[in-house]
2 protein chains.
Amino acid sequence: MTSEALARALNTNPVVVRRLMGGLREHGYVHSEKGHGGGWTLSCQLDRVTLRDIYEALDAPRLFAIGNRSEETECLVEEAVNHAMSSVLADVKAQFLACFGQITLAALHADFHQRLAARHGPTTLCK
Amino acid sequence: MTSEALARALNTNPVVVRRLMGGLREHGYVHSEKGHGGGWTLSCQLDRVTLRDIYEALDAPRLFAIGNRSEETECLVEEAVNHAMSSVLADVKAQFLACFGQITLAALHADFHQRLAARHGPTTLCK
DNA sequence: TCTCATGTAACTTCATGTGTTGCTAGAGTG
DNA sequence: CACTCTAGCAACACATGAAGTTACATGAGA
């Protein structure tokens, strides 16, 4: 499948697709081929890759919208709050990764097919 | 304490302080007084207010930097992914709130005083 | 050699949170 | 009563980072 086609399906731009897929390629989850007839192909077993793997392949983007204003501070109040916050956020992030680590692409694939069967409409990609 | 003084301690602007404190006032955690000699005063018991209470008083700002691109979609793949994501994020958010719900302001206050004692420097607010 | 694809850098746009200004209203002081 | 000091609030400006876009280079088949 080409970046062009994926971009259309995702309502975005081919370059954005390439940026994202680049991370997946580096980790061997997909393979890309240049030139005529090129594009992207899957190169992993869906039941061996989890959302956590994807998240990390995508360079583990920032998870939280909140956080410490600065790590290093002279202010003891801020220091105390930072300490509490960091500890909570670390715990929560660990739980997040654990959850994501349990969801395989195969599970999503199966879920998709269940939804597709439930719809009995025409079978085109996205829509 | 005036918004002005707080802003200086927090390295920010008095109006920003007022915006934040406004949420706390609505929930009765602080009290404000206008005019000469006015400013902010605490009006809660530190051991009865948790970070969770503060978070919610501040209108529960967005917690995650990631999330579903859109809730409603025609795309069954997106639907499957959204479903998995939402479920994980909801679980994780619940854990976050639970953690925050266990940290009282009294605990932070105690932690601050411990840090202060450990430093044996002059005792000025922040620095 | 032409076309079709990815790879990549540089730039633009957009959304969101933060900071700032200007003004109003209330409360004490001289 | 005039003055000063404070919060309250709306409107605007700025900063940051994610997403989208453009332009061009590179590689592979026809």
Side-chain angles (χ1 to χ4, degrees), chain A residues 1-43 54-71 73 75 78 81-82 85 89 125-126, chain B residues 1-44 54-71 73 75 78 81-82 85 89 126:
Chain A
M1 197 159 190
T2 64
S3 306
E4 170 74 34
L6 279 169
R8 244 180 292 120
L10 297 170
N11 289 313
T12 183
N13 189 289
V15 179
V16 175
V17 171
R18 287 187 198 116
R19 272 210 284 257
L20 291 172
M21 299 293 275
L24 302 185
R25 184 188 50 228
E26 282 171 22
H27 286 255
Y29 302 139
V30 296
H31 172 76
S32 66
E33 204 123 6
K34 285 185 172 181
H36 213 113
W40 300 91
T41 46
L42 257 178
S43 62
I54 302 295
Y55 173 74
E56 283 166 350
L58 260 32
D59 253 340
R62 198 165 53 100
L63 179 55
F64 297 110
I66 64 177
N68 298 340
R69 195 162 238 249
S70 62
E71 282 312 321
T73 175
C75 172
E78 188 175 359
V81 174
N82 279 355
M85 274 283 275
L89 292 186
L125 181 61
C126 279
Chain B
M1 197 159 191
T2 64
S3 306
E4 172 73 34
L6 280 168
R8 244 180 293 119
L10 296 169
N11 290 313
T12 182
N13 189 289
V15 179
V16 175
V17 171
R18 288 187 197 114
R19 272 211 284 257
L20 292 172
M21 299 293 274
L24 302 185
R25 184 189 50 227
E26 282 171 23
H27 286 254
Y29 302 139
V30 295
H31 173 77
S32 66
E33 205 124 4
K34 286 184 171 181
H36 212 114
W40 301 90
T41 46
L42 257 178
S43 62
C44 64
I54 302 295
Y55 173 74
E56 283 166 351
L58 261 31
D59 253 342
R62 199 164 53 98
L63 179 56
F64 297 110
I66 64 175
N68 297 340
R69 192 162 241 249
S70 62
E71 283 311 321
T73 175
C75 173
E78 189 175 357
V81 174
N82 279 356
M85 273 283 275
L89 292 186
C126 280

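Excluded from the calculations below are hydrogen atoms, water molecules and symmetry mates; all remaining heavy atoms, backbone and side chain alike, are included. Naming convention: chains lettered A, B, ... in sequence-line order (proteins, then strands); numbering from 1 in each chain. Just so you know, these numbers come straight off a predicted model, no measurement behind them.
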I need the Leu20(B) CG to Ile54(B) CD1 distance, nearest 0.5 Å.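 It is 11.0 Å, given to the nearest 0.5 Å.
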To the closest 0.5 Å, what do you measure between CG (Leu89(A)) and CG (Leu63(A))?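 These two atoms lie 8.5 Å from each other.
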Tell me every residue that passes salt bridge (charged side-chain N to carboxylate O under 4.0 Å, His left out) with Glu33(A), counting only those two or more places apart in sequence or in another chain.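 By the salt bridge (charged side-chain N to carboxylate O under 4.0 Å, His left out) rule, Glu33(A) matches no residue at all.
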If the condition is salt bridge (charged side-chain N to carboxylate O under 4.0 Å, His left out), which residues does Glu26(A) pass it with, not counting sequence neighbours?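 So Glu26(A) forms no salt bridge (charged side-chain N to carboxylate O under 4.0 Å, His left out) with any residue.
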Not counting sequence neighbours, which residues clear side-chain contact (heavy atoms from CB on, under 4.5 Å) with [X]? List them please.
X	result
Thr41(B)	His31(B)
His27(B)	Tyr29(B), Ala57(B)
Thr2(B)	Glu4(B), Ala5(B)
Asn68(B)	Glu71(B), Asn82(B), Met85(B), Ser86(B)

Going 5' to 3' along DNA chain C, which nucleotides are the first and last within contact of chain B (any atom under 4.0 Å from a heavy atom)?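 Reading along DNA chain C, I get dG17(C) to dG28(C).
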Rounding to an integer number of Å, can you tell me how far Arg18(A) CZ sits from dC24(D) C1'?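 Rounding to the nearest Å, CZ of Arg18(A) and C1' of dC24(D) are 12 Å apart.
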What string of B, S and - do you get for nucleotides 11-19 of chain D, 5' to 3', if B is base contact, S is sugar-phosphate-only contact and - is no contact with any protein heavy atom under 4.0 Å? B-------S
Could you list the residues that satisfy side chain to side chain donor-acceptor pair (under 3.5 Å) with Thr73(B), not counting sequence neighbours?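 Partners of Thr73(B) by the side chain to side chain donor-acceptor pair (under 3.5 Å) criterion, ordered by chain and then number, come out as Glu78(B).
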Can you run down the salt bridge (charged side-chain N to carboxylate O under 4.0 Å, His left out) pairs that involve residues 56-66 of chain B, sequence neighbours left out, and say none if there aren't any?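 Listed by first then second residue: Arg52(B)-Glu56(B).
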Under 4.0 Å, heavy atom to any atom of DNA chain C: which of residues 27-42 of chain B qualify?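 Here the set is Lys34(B), Gly35(B), His36(B).
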